[in-house]
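Written out below as structure tokens is the structure these notes cover.
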Amino acid sequence: DARVTQTPRHKVTEMGQEVTMRCQPILGHNTVFWYRQTMMQGLELLAYFRNRAPLDDSGMPKDRFSAEMPDATLATLKIQPSEPRDSAVYFCASALGGGTDTQYFGPGTRLTVL
Amino acid sequence: AQSVTQLDSHVSVSEGTPVLLRCNYSSSYSPSLFWYVQHPNKGLQLLLKYTSAATLVKGINGFEAEFKKSETSFHLTKPSAHMSDAAEYFCVVRAGTGGGNKLTFGTGTQLKVEL
């Protein structure tokens, strides 16, 4: 049963610390998305990649957030330095191909910044 | 630009009664529309999707939705609610070929199912 995996599932850290979240897309999927979910803003797209190249990161605060795909099986989202307002659930999703494919979501990383 | 409006933030039904979760959309392109469900502390699961084929779409767990272009609606229904349906439901729009694969999510409808 292929699925998107994310680690860690939960992360509690202190303000100013670096946080790295990891995502393993479904094998063979070439499009990867990062979303953030908060009570106030709902689900927001932060960034997405196709064939490991960033296509759109306009939803991501550039000064502290960075997203990369070191290889086809790993996507990372890094926050440095973290702030309390970054507390949210971060979801990764992957899709098989281009513009019309269904996105499959991982279980999320719940981040709490104290 | 594209957007979705979920008209009810909370819906409460009794087990065995019909479910109706309402969604209206706005899109500059021919849209694709989705319903996702999120159970507590879980990721999002695709229930069904409309991509310009049949306007009545059947999904998993007995859910279905009808695309009505004249009303710009994509309401989610189920004839008989089950306790396991209690979750949050998101209506999602994706622009057509001009919008790539970017999804825009509604604010969610929390479905409560009572005995």
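Each chain gets a letter, A, B and so on, in the order its sequence line appears, and its residues count up from 1. What you see is a predicted model; the values in this text were computed from it and never measured.
- Cluster membership for A:Ile26 and B:Leu46, using ILVMFWY side-chain heavy atoms within less than 4.5 angstrom, is not shared.
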Using atom types as modelled, flag every donor-acceptor pair under 3.5 Å from a side chain in residues 8-21 of chain A to any protein atom, sequence neighbours excluded.
| from | atom 1 | to | atom 2 | distance (Å) |
| --- | --- | --- | --- | --- |
| A:Arg9 | NE | A:Gly108 | O | 3.2 |

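- A pairwise comparison of heavy atoms in B:Gln38 and A:Phe91 identifies NE2-CZ, 3.2 Å as the closest pair.
- At a threshold of 4.5 Å between side-chain heavy atoms, the hydrophobic network of Ile, Leu, Val, Met, Phe, Trp and Tyr places A:Val32 and A:Tyr48 in two separate groups.
- Residues of residues 80-89 of chain A never come closer than 4.5 Å to chain B when only heavy atoms are counted.
- Side-chain contacts under 4.5 Å among hydrophobic residues (ILVMFWY), followed directly or transitively, place B:Leu56 with no other residue at all.
- A:Phe105 and A:Leu46 fall into different hydrophobic clusters, where Ile, Leu, Val, Met, Phe, Trp and Tyr residues are linked whenever their side-chain heavy atoms come under 4.5 Å apart, directly or through other members.
- The cluster map of Ile, Leu, Val, Met, Phe, Trp and Tyr, joined by side-chain heavy atoms under 4.5 Å apart, puts B:Val11 and B:Leu115 in the same cluster.
- Residue contact with chain B, scored on non-hydrogen atoms closer than 4.5 Å, involves the side chain of A:Leu45 exclusively.
- If you take CD on A:Gln41 and OG1 on B:Thr107, they are separated by 11.5 Å, rounding to the nearest 0.5 Å.
- For the pair A:Tyr35/B:Leu44, no side-chain contact is recorded, criterion being any heavy-atom separation below 4.5 Å from C-beta on.
- Around the NZ atom of A:Lys62, the shell of radius 6.0 Å holds more than 12 heavy atoms that belong to other residues, nucleotides or ligands.
- Listed by first and then second residue, the salt bridge (charged side-chain N to carboxylate O under 4.0 Å, His left out) pairs that reach into residues 32-42 of chain A are A:Arg36-A:Glu44, sequence neighbours excluded.
- Heavy atoms closer than 4.5 Å to chain B are found in the side chain of A:Ser58, but not in its backbone.
- With a 6.0 Å radius and a threshold of 12 heavy atoms from other residues, nucleotides or ligands, A:Tyr104 has its OH atom at or below the threshold.
- Taken from CZ in B:Arg94 to CD in A:Gln103, the straight-line distance is 7.5 Å, to the nearest 0.5 Å.
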